[in-house]
Amino acid sequence: MFETLKNAFKSKDIRMKIFFTLALILVYRIGCYIPLPTLAPNAVENWFSNTGDFFGVLSVITGGAMSNATLFSLGILPFINSFIIMQLLTLVIRPLERLSKEGEEGRKKITQITRIVAIILAIIQAIGIVVMLNSSNVINPLFDYEKNSETAPILTMAITIVMLVGGSTMVMWLSERITEYGIGNGTSIIIFIGILATAGTSIANAIKVMTDATDNWVYVWNLLGYILVVVAILFFIVFIDSSERRIAVQYSKQIKGNKMYGGQTTYIPIRVNGSGVMPIIFASSLLMFPQMIIQLFFSTTPAAAWYAKYMGSDSAVYYVLLALLILGFSYFYAQIQFNPEDVSKNIQQYGGFIPGIRAGKPTSEFLRKINNRITLFGAVFLMIIALIPTFIFKALSNQYTAGAPDLGLANSFSATGLLIVVSVALELNKQLESQIMMKHYKGFLK
């Protein structure tokens, strides 16, 4: 990776893309520290600490912006939820399906619809958060007549909603600019930076807790346990992410004019975890959405208490549904990324065949069978990463005596977050390598 970065900075175009990406990341992080004038940061932080693990997870994804009551509190979450909704609706609604098959123009129209849906979701989430904060007396009225009034500060709440939606729209615009003019996928990079920022803050707070504690040996061993588990998970993720099944393809010899083509053997690489971290993000977001709506609008009802007990993020049903959704989204993404019929046609068109398999339909059936098996292994890997380390981190966070402060690393070092960090880092490395390779080809042609 360091060699790739070194070669990337030698190219002016790639170097400018890297600096452009870093500049937009800096803008995003600055926005995560701009406080909203209508909210008291300390009161909001205390409110978040008493609302359970759900909003804590959201705060980790946004890089702490949500718990600190800043301009980018909503972050990229509305756009992610909108993207998930549009991906699912494309399979159900035929006009959207036709748009997805119309090439670049169709993709632009779907992207525009996704933006509109993201803004609508941001408005809904902002209204819910502001209503909850107002009921907890966290909002500071901006105007004198609101301060002396016994009713809710309606105008201040409206201004807060506008600023939250505007901040979320700004983050969505930054992610699109990174994707278009920078390096990598903008949405993934923003989540990546948010997780790293939260992890860095959590480590600093953990060290402070250790130094302030009287008997800090328990915390030292606990922190070492976190580090060992994190390193083991990182090695496991990198090993699986680089694993692939290679299917040999033999091309027959063809004579065209005075030249002979073909007669060589190549292979089709099918990655074990071809869908990356997206199934976990989709599954988690889909389970978070109803929980978010209930927490925001029906938090005081008996239905909210029942949902938190039997369907909340700490319940057995939640983990079962998470595993099933990861499995479903893994196959969903596998069908989008790898089409056996198209691959079979391309192989046959160029005079190739898989040894021992007849061309045409038998080849597509063979490829589909292999892809389904590999997708199952990839889905099981994602289930293990999403579930098992979570229990280990929670067990490590419960090793303190009654009344002793927690290090606060359980949410920051989630296995899902580690998978996102590793996947985005590896994807960035691959994109840099491909762009360096393209520059070399261009130089050779010149």
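- Residues in residues 180-202 take part in these salt bridge (Lys or Arg N to Asp or Glu O under 4.0 Å) pairs, two or more places apart or across chains: Arg177-Glu180.
- Atom-to-atom distance recorded for Glu244:CD and Ile270:CD1 is 9.5 Å, nearest 0.5 angstrom.
- In this view, Glu105 satisfies the side-chain hydrogen bond (donor to acceptor under 3.5 Å, both in side chains) rule with no residue, not counting sequence neighbours.
- Annotation: ring pair (Phe, Tyr, Trp, His ring centres under 6.0 Å) contacts of Phe19 (sequence neighbours excluded): Phe9.
- Residue pairs meeting the side chain to side chain donor-acceptor pair (under 3.5 Å) criterion with at least one member in residues 14-23, sequence neighbours excluded: Lys17-Gln435.
- The distance from the CD1 atom of Ile110 to the NZ atom of Lys108 is 13.5 Å, given to the nearest 0.5 Å.
- Annotation: the span from Asn185 atom CG to Glu176 atom CD amounts to 10.5 Å, rounded to 0.5 Å.
- Considering CD1 of Ile190 and OG1 of Thr179, their distance stands at 8.0 Å, rounded to 0.5 Å.
- Every residue meeting the side-chain hydrogen bond (donor to acceptor under 3.5 Å, both in side chains) condition with Thr160, not counting sequence neighbours, appears here in chain and number order: Thr38.
- Annotation for Ile183 and Ile189: closest pair O-CD1, 2.9 Å, computed over non-hydrogen atoms.
- Residues satisfying the side-chain hydrogen bond (donor to acceptor under 3.5 Å, both in side chains) test with Arg107, not counting sequence neighbours, are Glu104.
- Minimum interatomic distance between Leu71 and Met163 (heavy atoms only, all atoms of both residues): CD1-O, 3.5 Å.
- Ser330 and Ile326 get closest at one heavy-atom pair: OG-O, 2.7 Å.
- Considering only heavy atoms from C-beta on, Thr187 stays 4.5 Å or farther from Ile178 through its side chain.
- Taking a 6.0 Å sphere around OH of Tyr331, one finds it holds more than 12 heavy atoms contributed by other residues, nucleotides or ligands.
- In terms of heavy atoms, Ala118 sits closest to Phe79 at CB-CA, 3.8 Å.
- One N or O on the side chain of Ser82 and one on the backbone of Thr114 form a donor-acceptor pair closer than 3.5 Å.
- Every residue meeting the side-chain contact (heavy atoms from CB on, under 4.5 Å) condition with Leu324, not counting sequence neighbours, appears here in chain and number order: Val320.
- By the side-chain contact (heavy atoms from CB on, under 4.5 Å) test, Arg245 is found to be paired with Ile247, Ile370, Ile374, residues two or more places apart in sequence or in another chain being considered.
- In this view, Phe192 satisfies the ring pair (Phe, Tyr, Trp, His ring centres under 6.0 Å) rule with no residue, not counting sequence neighbours.
- Considering every non-hydrogen atom in both Phe20 and Tyr181, the closest pair reads CE2-CB, 3.5 Å.
- Partners of Thr70 according to the side-chain contact (heavy atoms from CB on, under 4.5 Å) rule, which considers only residues two or more places apart in sequence or in another chain, are Ala65, Asn68, Ser73.
- Residue Ile25 holds its CD1 atom at 4.0 Å from CD1 of Ile193, rounded to the nearest 0.5 Å.
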Check your understanding: Can you list the steps and then say if Arg115 with Thr169 is a side-chain contact (heavy atoms from CB on, under 4.5 Å)?
Key -> CA-CA 9 Å; Arg115 293 172 185 151; Thr169 306; over 6 Å; no
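- The structure places CG of Leu325 at 6.5 Å from CG of Leu321, a figure rounded to the nearest 0.5 Å.
- The two atoms that bring Leu74 and Leu164 nearest to each other are CD1-O, 3.9 Å, heavy atoms only.
- In this structure Arg29 satisfies the side-chain hydrogen bond (donor to acceptor under 3.5 Å, both in side chains) test together with Tyr33, sequence neighbours excluded.
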**Study point:** Worked verdict on Leu327 versus Val380 for side-chain contact (heavy atoms from CB on, under 4.5 Å)
**Key:** CA-CA 8 Å; Leu327 178 64; Val380 171; over 6 Å; no
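- Formation of a donor-acceptor pair under 3.5 Å by the Ser168 side chain with backbone atoms of Val165 is not found in this model.
- Scored by the ring pair (Phe, Tyr, Trp, His ring centres under 6.0 Å) test, Phe236 finds Phe381 as partners (sequence neighbours excluded).
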